[in-house]
**Q** 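Let me begin by handing over the structure; questions about it come next.
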Amino acid sequence: SKKKGLSFEEKRARMMEIFFETKDVFQLKDIEKIAPKEKGITSMSVKEILQSLVDDGMVDTDRIGTSNYFWAFPSKALHTRKRKLEELESQFAESSQKKEALQKSIEKSKIGREDTAERAALTEELAALRQKKEQLKAEIDKYRECDPDVVEEMRFFFGGAKEAANRWTDNIFSIKSWAKRKFGFEESRIDKSFGIPEDFDYID
């Protein structure tokens, strides 16, 4: 059967062996001769493999005169691997902390959203208050453009309607204030949860 060629990483590992075993300094042409003969790395791929090792900081290089020289010593490789391991461990610890913080945030966000009897009662009461206010508002709007005398008469007849509506409005604001203190909810969240419009306010 046809012999399987070396993978890219296998070639990198074998080229590093050249440096570690000899502890010598080479030019590219030297490695192109040694690598195929001793490590089974094709001469065509030597330059690419060597450059990848330089890019990763595993092999050092310097230009002296018109020639480039390459070297790598086991002591530096050990230090490089140790530094890389420390970086990865630091990143892992940071990621773990972020994950834990997000998990706590998720758990905290669930507090106050449970379907309790108290929340159901508040929802029902708020719906009743909203319906009552809409009824009163519709009644007022019905007579807004009527004859002044009729309006005056209706004002007298419904003199307490405005006060009643504003009392209900006051009740809603009180409930909202209580919910903010009790559960730490934001006002916008309460309005959204119970369908309270943004322009909700007292009747002038």
Side-chain angles (χ1 to χ4, degrees), residues 1-116 119 176-177 179-199:
S1 61
K2 188 176 179 180
K3 186 177 179 181
K4 183 180 178 182
L6 297 173
S7 69
F8 190 77
E9 287 303 320
E10 288 173 333
K11 290 177 182 178
R12 281 164 53 95
R14 292 194 180 193
M15 187 169 290
M16 290 303 297
E17 289 175 359
I18 296 174
F19 292 105
F20 292 165
E21 291 169 359
T22 63
K23 299 180 179 64
D24 204 350
V25 178
F26 301 96
Q27 289 182 269
L28 175 60
K29 62 182 181 180
D30 300 324
I31 301 176
E32 287 177 335
K33 292 178 182 178
I34 298 171
K37 183 179 179 181
E38 297 186 8
K39 299 300 179 181
I41 303 172
T42 59
S43 58
M44 295 286 291
S45 63
V46 167
K47 187 174 182 180
E48 180 187 4
I49 299 297
L50 184 58
Q51 186 60 51
S52 75
L53 294 172
V54 171
D55 292 341
D56 288 347
M58 298 175 67
V59 172
D60 292 313
T61 183
D62 196 10
R63 187 175 183 84
I64 303 175
T66 59
S67 302
N68 290 322
Y69 291 86
F70 302 89
W71 68 93
F73 302 121
S75 58
K76 182 186 177 182
L78 179 62
H79 178 71
T80 301
R81 286 196 296 270
K82 183 179 178 181
R83 187 175 68 250
K84 185 64 176 178
L85 179 61
E86 290 173 350
E87 290 176 359
L88 291 173
E89 288 176 342
S90 177
Q91 291 174 8
F92 178 78
E94 185 179 350
S95 297
S96 297
Q97 289 177 352
K98 288 182 178 179
K99 179 183 177 183
E100 185 178 350
L102 286 172
Q103 191 64 40
K104 287 181 179 179
S105 179
I106 290 172
E107 293 301 322
K108 185 178 180 181
S109 68
K110 292 179 180 179
I111 299 174
R113 292 189 175 185
E114 302 88 349
D115 292 328
T116 62
R119 188 173 188 273
K176 286 173 61 175
S177 178
K180 285 192 289 185
R181 291 195 309 273
K182 178 74 174 178
F183 303 106
F185 291 164
E186 295 180 358
E187 185 167 348
S188 58
R189 180 179 168 190
I190 298 173
D191 291 345
K192 185 176 180 181
S193 298
F194 295 99
I196 301 174
E198 293 181 358
D199 60 349

**Q** Rounded to the nearest 0.5 Å, how far apart are CG of Asp30 and OH of Tyr69?
**A** 8.5 Å
**Q** Working note: Glu100 + Lys104, criterion salt bridge (Lys or Arg N to Asp or Glu O under 4.0 Å); need CA distance, chi angles, decisive distance, verdict.
**A** CA-CA 6 Å; Glu100 185 178 350; Lys104 287 181 179 179; 3.6 Å; yes
**Q** Considering non-hydrogen atoms only, spot the tightest contact between Lys23 and Phe73 and give its length.
**A** O-CE2, 3.8 Å
**Q** So how far is it from Leu50 CG to Met16 CE, rounded to the nearest 0.5 Å?
**A** 10.0 Å
**Q** Just by distance, do the side chain of Ser52 and the backbone of Ile49 share a donor-acceptor pair under 3.5 Å?
**A** yes
**Q** How many angstroms lie between atom CZ of Phe19 and atom CE of Met58, to the nearest 0.5 angstrom?
**A** 10.5 Å
**Q** Got a sec: does the CD of Glu186 have more than 12 other heavy atoms crowding it under 6.0 Å?
**A** no
**Q** Supply the atom-to-atom distance Leu53 CG to Thr61 OG1, rounded to the nearest 0.5 angstrom.
**A** 11.5 Å
**Q** If I compare all heavy atoms of Ser43 with all of Pro36, which pair ends up nearest, and what's the gap?
**A** N-CG, 3.7 Å
**Q** Looking at Gly40 and Leu6, what are the two nearest heavy atoms and their distance?
**A** O-CD1, 3.5 Å
**Q** For the atom pair CD (Gln51) and CG (Leu28), what is the distance rounded to the nearest 0.5 Å?
**A** 10.0 Å
**Q** Mind listing the closest non-hydrogen atom pair of Met15 and Val46 along with its distance?
**A** CE-O, 3.7 Å
**Q** Kindly indicate, with the supporting measurements, whether the criterion side-chain contact (heavy atoms from CB on, under 4.5 Å) is fulfilled by Asp56 and Arg12.
**A** CA-CA 11 Å; Asp56 288 347; Arg12 281 164 53 95; 2.9 Å; yes
**Q** May I ask you to say whether Glu94 pairs ionically with Lys98, meaning some side-chain N is under 4.0 Å from a carboxylate O?
**A** yes
**Q** Of the non-hydrogen atoms in Gly5 and Glu10, which two are nearest, and what is the gap between them?
**A** O-OE1, 4.3 Å
**Q** Would you say the side chain of Asp62 lies within less than 4.5 Å of the side chain of Trp71, judging by non-hydrogen atoms?
**A** yes
**Q** Measure the spacing between NZ of Lys39 and CD of Glu21 and express it to the nearest 0.5 Å.
**A** 3.5 Å
